[in-house]
Chemist: 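Quick one: the structure is below, questions incoming.
Atoms considered below: every heavy atom in the structure, side chains included; atoms not considered: hydrogens, waters and symmetry mates. Each chain gets a letter, A, B and so on, in the order the sequences are listed, and its residues count up from 1.
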There are 2 protein chains.
Amino acid sequence: MSDLLERLRGRGWRMTSQRRVVAEVLDGEHVHLTADEVHARAAERLPEISRATVYNILGELGRLGEVVEVSVHGRAKRYDPNAHHPHQHLVCSGCGTVRDVHPTGDPVAALADLPAEDRFGFTVAEAEVTYWGLCPECAPGGPAPGAPNPPR
Amino acid sequence: MSDLLERLRGRGWRMTSQRRVVAEVLDGEHVHLTADEVHARAAERLPEISRATVYNILGELGRLGEVVEVSVHGRAKRYDPNAHHPHQHLVCSGCGTVRDVHPTGDPVAALADLPAEDRFGFTVAEAEVTYWGLCPECAPGGPAPGAPNPPR
DNA sequence: CTTTTTGCAAACTGTTTGCATTGTG
DNA sequence: CACAATGCAAACAGTTTGCAAAAAG
């Protein structure tokens, strides 16, 4: 399961304790963490790690294509370590939680159907599909008694 | 074409000069402006309008469902006045330009195919589809001589 | 005349950057 | 040992907010 470290090593990524810890945090969790959450979890194991370093590492992993940055409106970005399996995101408008869902069709294929002139001359690299809704906790009448979850 | 003002009036929206100007700016342009660009264009006609007011008005129009906020990664949000015709976005990774494209299929329908348990109990309200690529100006070997456009 | 909306400036969040220090290869 | 990565603090962008003054209905 932990092939992230392997892949990074294989790419000749210079390894440091902070890079290892961040990679482990991403790899061990199946959720979509914000930079701050990654920092908090990393700091449990390596207390002196700085927020800036976590941002640097996450940015680099993004550039390497090892994590996907998920922008949730005005909220903090979330980092998705599941970059090697194509999938889509289901985002809760209430609390910002992100879950993976798996494609029922290929969205990029849908774009291929578009007449060239309707693409405004763009070279299209990828399609991002996000479903918006409410998770069970935030749904009115959901598991929580009464009001929606506080957005976090 | 300018039915935005009409609709807002019809909803009993309290009209002020700044609200009118912002609505006119959005309505007259077919592009996707950032808050700052809206402010700049609004200030041409109404020099004393403040940035905060523009933000307030845009936020309110969003809540009213009259404009759609388009989050472009780490960039400033863009505001899409074309909220009443379902469409998707084509975003240039180079310069952030946004263009509308029109659905080849119904993305929400694709979600309906998903088994309930794969939706994690979410109530799904809408699907957002974004295509990422490079516009002609930013494409290598494109119209511009040499390098990609400066991201703006 | 009451209630909303504005403008200003200051607060705020999330993120990036400059630079001396540290640590890896 | 050279050079890249870190930590810190400060800068930064975009956006939101508190409050007194102005304007709408």
Chemist: Separation of His39(A) atom NE2 from dT13(C) atom P, in whole Å?
Modeler: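 Taking atom P of dT13(C) as the reference, NE2 of His39(A) is at 16 Å.
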Chemist: Within this structure, what is the NZ-to-C1' distance between Lys77(B) and dA13(D), rounded to whole angstrom?
Modeler: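 So the NZ-C1' distance, Lys77(B) to dA13(D), works out to 13 Å.
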Chemist: Can you tell me how far the OG1 atom of Thr34(B) sits from the NE2 atom of His39(B), to the nearest 0.5 Å?
Modeler: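 NE2 of His39(B) is found 11.5 Å from OG1 of Thr34(B).
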Chemist: Between OG of Ser17(B) and CD of Glu48(B), what distance do you get to the nearest 0.5 Å?
Modeler: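 The distance works out to 7.0 Å.
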Chemist: Starting at CZ of Arg11(A) and ending at P of dG25(C), how long is that distance when rounded to a whole Å?
Modeler: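 After rounding, the gap between these two atoms is 17 Å.
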Chemist: Does the distance from a Lys or Arg side-chain N to an Asp or Glu carboxylate O, for Arg78(B) and Glu69(B), drop under 4.0 Å?
Modeler: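 So Arg78(B) does not pair with Glu69(B) through a salt bridge.
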Chemist: How many whole angstroms separate atom CG of Leu46(A) from atom C1' of dT22(C)?
Modeler: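 Checked: the CG to C1' distance equals 13 Å.
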Chemist: May I ask you to decide if Gly133(A)'s main-chain N or O and Thr123(B)'s side chain share a donor-acceptor pair within less than 3.5 Å?
Modeler: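 No, the answer is negative, given that no donor and acceptor are paired below the 3.5 Å cut-off.
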Chemist: Cys92(A) and Cys135(A): which non-hydrogen atoms are nearest, and at how many Å?
Modeler: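 Minimum heavy-atom separation between Cys92(A) and Cys135(A): SG-N, 3.3 Å.
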Chemist: Reckon Gln18(A) has a side-chain N or O less than 4.0 Å from the OP1 or OP2 of dG23(C)?
Modeler: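 No, Gln18(A) has no side-chain N/O under 4.0 Å of OP1/OP2 on dG23(C).
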Chemist: Tyr79(B) or Glu48(A): which one's nearest nucleotide on DNA chain D is closer to the 5' end?
Modeler: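 It is Glu48(A), whose closest nucleotide lies nearer the 5' terminus.
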Chemist: Once rounded to the nearest 0.5 Å, what's the spacing between atom CD of Gln88(A) and atom CD of Glu128(A)?
Modeler: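 Rounded to the nearest 0.5 Å, the CD-CD separation comes to 10.5 Å.
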Chemist: Work out which heavy atom in Phe122(B) is nearest to a heavy atom in Pro136(A); give both atom names and the distance.
Modeler: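 Answer, listing the atom of Phe122(B) first, then Pro136(A): CD1-CD, 4.1 Å.
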Chemist: For a quick check, with a 4.0 angstrom heavy-atom cut-off, what is the B/S/- contact string for nucleotides 19-25 of chain D, read 5' to 3'?
Modeler: -----BS
Chemist: Would you mind reading off the distance between Glu37(B) atom CD and dA13(D) atom C1', rounded to a whole angstrom?
Modeler: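 Atom-to-atom, Glu37(B) to dA13(D), this comes out as 14 Å.
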Chemist: Over how many whole Å does the gap from Arg19(A) atom CZ to dA4(D) atom C1' extend?
Modeler: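 Rounded to whole Å, this separation is 8 Å.
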Chemist: Is the side chain of Arg11(A) donor-acceptor paired with the backbone N or O of Leu64(A) at a distance under 3.5 Å, no angle test?
Modeler: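 Confirmed, Arg11(A) side chain pairs with Leu64(A) backbone.
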Chemist: Starting at atom CZ of Arg20(A), determine the distance to atom P of dG23(C), rounded to an integer number of angstrom.
Modeler: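 It is 14 Å, rounded to the nearest whole Å.
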Chemist: What pairs with His87(B) under side-chain hydrogen bond (donor to acceptor under 3.5 Å, both in side chains), at least two apart in sequence or on another chain?
Modeler: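 Scan of His87(B) (side-chain hydrogen bond (donor to acceptor under 3.5 Å, both in side chains), adjacent residues dropped) gives Asp80(B), His89(B), Asp100(B).
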Chemist: Among residues 50-69 of chain A, which contact DNA chain D at a heavy-atom distance under 4.0 Å?
Modeler: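 Close to the strand are Ser50(A), Ala52(A), Thr53(A), Ile57(A).
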